[in-house]
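To start, the structure under review is shown below, and the notes come after it.
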Amino acid sequence: MKKLINKPGDVVREALAGMASAHADLIKVDLEQQIIVRKDAPLQNKVALISGGGSGHEPLHGGYVGYGMLDAACPGAVFTSPVPDQMLTATHAVNGGAGVLYIIKNYTGDVMNFEMAAELAATEGIEVASVITNDDVAVQDSLYTAGRRGVGVTVLLEKIVGGLAETGAPLSQVADLARKVNSQGRSMGMALTSCTVPAAGKPTFELGEDEMEIGIGIHGEPGRRRTRLTTAAEITEILTNPVIEDLGLKAGDEVLAMVNGMGGTPLLELYIVFNELQRILQGKAISITRSLVGNYITSLEMAGCSITLLRLDKQLQKYWDAPVHTPALRWGR
Amino acid sequence: MKKLINKPGDVVREALAGMASAHADLIKVDLEQQIIVRKDAPLQNKVALISGGGSGHEPLHGGYVGYGMLDAACPGAVFTSPVPDQMLTATHAVNGGAGVLYIIKNYTGDVMNFEMAAELAATEGIEVASVITNDDVAVQDSLYTAGRRGVGVTVLLEKIVGGLAETGAPLSQVADLARKVNSQGRSMGMALTSCTVPAAGKPTFELGEDEMEIGIGIHGEPGRRRTRLTTAAEITEILTNPVIEDLGLKAGDEVLAMVNGMGGTPLLELYIVFNELQRILQGKAISITRSLVGNYITSLEMAGCSITLLRLDKQLQKYWDAPVHTPALRWGR
Amino acid sequence: MPVTNKDILHWLQRSTQVLHENNAFLTQLDSAIGDADHGSNMDRGFSAVITKISGMQEADIGTLLKTVGTTLVSTVGGASGPLYGTAFLRAGMATAGKQHLEGAEIVAMFEAAVEGIKARGKAQAGEKTMLDAFIPALEAGKQAQLEQVPVTELLQRMAGSAESGMKATIDLLATKGRASYLGERSIGHQDPGATSSWLILQALADTVAS
Amino acid sequence: MPVTNKDILHWLQRSTQVLHENNAFLTQLDSAIGDADHGSNMDRGFSAVITKISGMQEADIGTLLKTVGTTLVSTVGGASGPLYGTAFLRAGMATAGKQHLEGAEIVAMFEAAVEGIKARGKAQAGEKTMLDAFIPALEAGKQAQLEQVPVTELLQRMAGSAESGMKATIDLLATKGRASYLGERSIGHQDPGATSSWLILQALADTVAS
Ligand SMILES: Nc1ncnc2c1ncn2[C@@H]1O[C@H](COP(=O)(O)OP(=O)(O)O)[C@@H](O)[C@H]1O
Ligand SMILES: Nc1ncnc2c1ncn2[C@@H]1O[C@H](COP(=O)(O)OP(=O)(O)O)[C@@H](O)[C@H]1O
Ligand SMILES: [Mg+2]
Ligand SMILES: [Mg+2]
Ligand SMILES: [Mg+2]
Ligand SMILES: [Mg+2]
């Protein structure tokens, strides 16, 4: 295992300490409770947005805490959902009286831990709503799985819904927009390499020199199928077509397109994939109105990428464009 | 070689096409001449900033074209300096009559190609000044080397000097500030892994499971020495101490600190390094007034990091804080 | 001889040790069909448990088990945190105030635990989860209780059935948890959660036998 | 027999082919002490050259070589682009208007090329660069010219000296170019630029001999 770390058990705490000093203008970090909170929280009469999940997906979620996005993030151990105590502490730290929205990626662990936190918050009379993201078309949603995973759309949702929350909209409206964003976005990912969980010390799986995994999530896990490595053009087709189909995108539609790196893929390659994506969508007369190319929701040092398309309308575009100021996403101020 | 590419020979052109469509609001890309130009160029009576170098360092330089930073970037083949024709075409595209500043990283190839471009521009009567960055303390500047390489400081310089140029300052003043920034910053880098130039098809060098390279540049090349892999704490010491010493930093000094990923290192680890850096500087009563943690000047998918410290004063801080709007760096608008 | 609160304490200590020793093994199982963290999750949780209960020599069994439950919920995370946490919480509720447990009480305790896991995880037998170790163990416990076997034997039979259940997960297709994303590819791998469940049940049988 | 402009065309064709065949080899040499691009740089440059000069059967030697120079400057980049570009530009200036070259003119042409490389790269002999192939070749050419040997032999001797010079770079410590960053670690590796220089000089000797 080759990593810039000290002890595997200290990875998350030390990275949080680093974040705290690098972004002291934007966030407060509680190293004891392991939560990241917006500097000016709690904000009176603003719905507070909390998300969380295992570490190893940086900048998700801690990098998205700040003006116009999340009020708090709860990072768990690497690839391990945080615990209800973190979420409850975060809830106390950010609740400004207008209620709290939990943004939960659909993984059994995340769902159950947030569920327990919500139960506890409810007993204290705090108004909590939850939205679950499940945009990964690699998982066939059916009786035979835990349901589609929450992946790339989570980033876009945190931004867009954060934009609305900043206006002082009520919890029900904020939660509705969150559900709408989730319903209008889909993703699919692939890996060229696995990654190594620090505590495990070796790669989660092994891939041959000419192999790739299609339909991976964001936990360094194997995907739906292993196939021969092929060109960026074909890989982009493989990822994009199911997304387009599942969303029912058609000529004239406008989308926000994200080409996301899994952590170990150079930006140069992500732009090549974006070029292919643009070509595919252009061929179907779907226009990319907004875009994001880079590492936004990662799996440690995994090489690979995911593609997310979000069907845009006036409302989503407006809150996407709204100012945001977080460690990892910033515009308009 | 596992990469998200089509043909090795098409990598740069296709990535540029991807950049062009992803950032059509900020940049114009000339795919024929292989140059990236600020959307609103040429700007009358503003000194134009041009940089360039081999591809594979993304977001450098193309990601830094836009308001408050570069007017144009010339990307060469992967790890290969661009040619004078690109620089000259870029010069024509951005010269608004106030002169042009070439920002050149100190590599024999970059220096010679920019030199030839400057000679050609001079024959056309275009006022061109050049500044060479050479901040890499891993290279002992002496009669026995081609001089220190230009690395991390280049990013900071492009931002700060871009801030001044935006105010309409004359070329001599812009060039002076560039030289000042270069003189006040130093860097050092290390690698956990090598990287693979697409056209070469295999890693530039091989490192054992418990080895690292200290004193690397940004071209996937071997460094000054190979040593046993150690902790993030020790690695940060190894990189930081020569930088502090060479800059002559002392208690009370303020710095801009950049922890830069080489392309394949997760943000989680970069924050751990930043935490160590903060600890080291705190121990010497040097304060980190501004910071940057992430992938800003990379070597394809190399795992590793570099540390850059820039001694700040009022002037540098002011232009660092000035608004910038480029694909890779954005604030204040 | 009934199971005493001392036995429960020793069981928890033994579980902590066994899970620590099997950290890498459990993570290896989780690498194949999950995300390579089950070993460190369980190890982290139980090492917090052992600290938490270190001063609780005199506590009744219900209090002990509830403490285990809340500690696991607060320190494990992932899927296994809420599931094991709920299991121990429910087990603690079923044994509230007790200083020792007869066979029937042991079975009732595990019944409550299993109900808790099912309620929290919305899974049932055959989905390639920890339930595929717990449910056969519970069935075996019920049967043993019907046969009025001594507590040591009851626990041995439970552990034995947990072990066969765990081994049987190899051939199952996962339909719950992270392994379900693999579809058919989940077949052929032993479930990590079923494995940790067996380790914990075996630790109980071994503790009481010795 | 003097070297004709046809010979020069054939030389450039042969060089293009030889550099293409040695693309991987040159890049491998550059991997050890550089950035793994010298092979593709030279290959890219000369394949542009061959396209550029394809219609230039009637051009004089000076025009041909200047075209090579500008093409290399415009397509190679890196350190080798300006250096080889300048070398060919200067060689072209030294042979302006000529349809054939006698031994003395060949030596003068290479002298101009070497001066160009020195001026552009600010290097001298012994710094582990292409000059360590070019300078011995030039010296050998001068000596051969003093001895009034036929042109074919003069070119053979130049190529032979370039080859020994290239091999001698293995033991040199690099003090110019990218390899200088390696310090002592640059010793033990053959310089890629000296190698491509030898390949080009050998191609000339082979062209004229055949
Ligand atoms: N819905 C569920 N019901 C019961 N057990 C489950 C369920 N989902 C997952 N599990 C168990 O949890 C184990 C995985 O635990 P762990 O690796 O710690 O959490 P995570 O899957 O969140 O990484 C699985 O092996 C399985 O036995
Ligand atoms: N200053 C110099 N003078 C002469 N030759 C040089 C000089 N610097 C580098 N070279 C030659 O250039 C070669 C490297 O060329 P290449 O790999 O194409 O460019 P780069 O070093 O920019 O990647 C070296 O092997 C060396 O022979
Ligand atoms: Mg997990
Ligand atoms: Mg190069
Ligand atoms: Mg797991
Ligand atoms: Mg090179």
Side-chain angles (χ1 to χ4, degrees), chain A residues 8-9 52-54 56 74-86 88 107-117 120 136 138-140 142-149 194-206 215-226 299, chain C residues 23-45 47-48 69-86 89 117 119-123 127-130 173-186 189 193:
Chain A
C74 308
V78 172
F79 294 166
T80 301
S81 165
V83 299
D85 310 50
Q86 288 169 273
L88 196 65
Y107 298 94
T108 306
D110 293 61
V111 170
M112 291 191 299
N113 283 286
F114 267 106
E115 205 171 75
M116 294 182 90
L120 295 166
D136 187 354
V139 179
Q140 299 304 322
S142 78
L143 289 171
Y144 304 110
T145 67
R148 285 183 169 171
R149 295 174 286 220
S194 181
C195 61
T196 299
V197 176
K202 50 185 181 216
T204 302
F205 59 91
E206 295 285 355
I216 52 143
I218 53 169
H219 295 87
E221 69 276 59
R224 286 297 290 192
R225 61 179 197 277
R226 186 165 296 194
S299 279
Chain C
N23 182 332
F25 174 57
L26 293 171
T27 286
Q28 184 193 316
L29 293 175
D30 199 28
S31 295
I33 54 170
D35 58 350
D37 63 357
H38 189 58
S40 54
N41 288 349
M42 296 305 291
D43 195 7
R44 180 176 60 248
S47 79
T70 53
T71 306
L72 292 179
V73 167
S74 300
T75 55
V76 176
S80 48
L83 292 168
Y84 276 116
T86 304
L89 280 170
I117 296 172
R120 185 53 73 195
K122 300 181 184 69
E127 304 205 81
K128 197 176 185 115
T129 72
M130 56 176 69
L173 174 84
T175 53
K176 280 286 182 320
R178 209 172 272 291
S180 70
Y181 303 136
L182 284 169
E184 301 284 333
R185 287 173 88 185
S186 68
H189 300 280

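Throughout, protein chains are lettered first and strands after them, A, B, ... in sequence-line order, and every chain is numbered starting at 1. Small disclaimer: the values here were computed from a predicted structure and weren't measured.
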Minimum heavy-atom distance between [X] and [Y], given as atom pair plus value:
X: C:Tyr181; Y: A:Val139; answer: CD2-CG2, 3.6 Å
X: C:Arg178; Y: A:Tyr107; answer: NH1-CD2, 3.9 Å
X: C:Ala79; Y: A:Thr108; answer: CB-CG2, 4.2 Å
X: A:Pro222; Y: C:Gly34; answer: CD-O, 4.2 Å

Value rounded to 0.5 Å, distance of [atom1] in [X] from [atom2] in [Y]:
X: A:Thr145; Y: C:Leu182; atom1: OG1; atom2: CG; answer: 11.5 Å
X: C:Leu83; Y: A:Asn113; atom1: CG; atom2: CG; answer: 9.0 Å
X: A:Met112; Y: C:Thr86; atom1: CE; atom2: OG1; answer: 7.5 Å

ask   = Quick check: does any side chain N or O of C:Thr27 sit under 3.5 Å from a backbone N or O of A:Ala200, one acting as donor and the other as acceptor?
value =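 Checking the backbone N and O of A:Ala200 against the side chain of C:Thr27, no donor-acceptor pair under 3.5 Å is found.
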
Residue selection (most heavy-atom pairs with chain C, distance under 4.5 Å) from A:Arg226, A:Arg149, A:Gln86, A:Glu221 =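 The option with the most such pairs is A:Arg149.
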
inquiry  = Counting heavy-atom pairs closer than 4.5 Å to chain C, which one of A:Met116, A:Arg225, A:Lys202 comes out on top?
reply    =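 Heavy-atom pair counts peak at A:Met116.
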
Taking every heavy-atom pair that is under 4.5 Å apart, which of [options] has the most such pairs with chain A?
options: C:Gly81, C:Ala36, C:Pro82; answer: C:Pro82
options: C:Ala123, C:Gly77, C:Ala179; answer: C:Gly77
options: C:His38, C:Arg120, C:Lys176; answer: C:Arg120

Heavy-atom proximity to chain C below 4.5 Å, by part of A:Val78 =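 For A:Val78, backbone heavy atoms alone lie under 4.5 Å from chain C.
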
Heavy-atom proximity to chain C below 4.5 Å, by part of A:Phe205 =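 The answer is neither part of A:Phe205.
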
request  = May I have the step-by-step check of side-chain contact (heavy atoms from CB on, under 4.5 Å) for A:Thr80 and C:Arg44, ending in yes or no?
outcome  = CA-CA 12 Å; A:Thr80 301; C:Arg44 180 176 60 248; 3.8 Å; yes

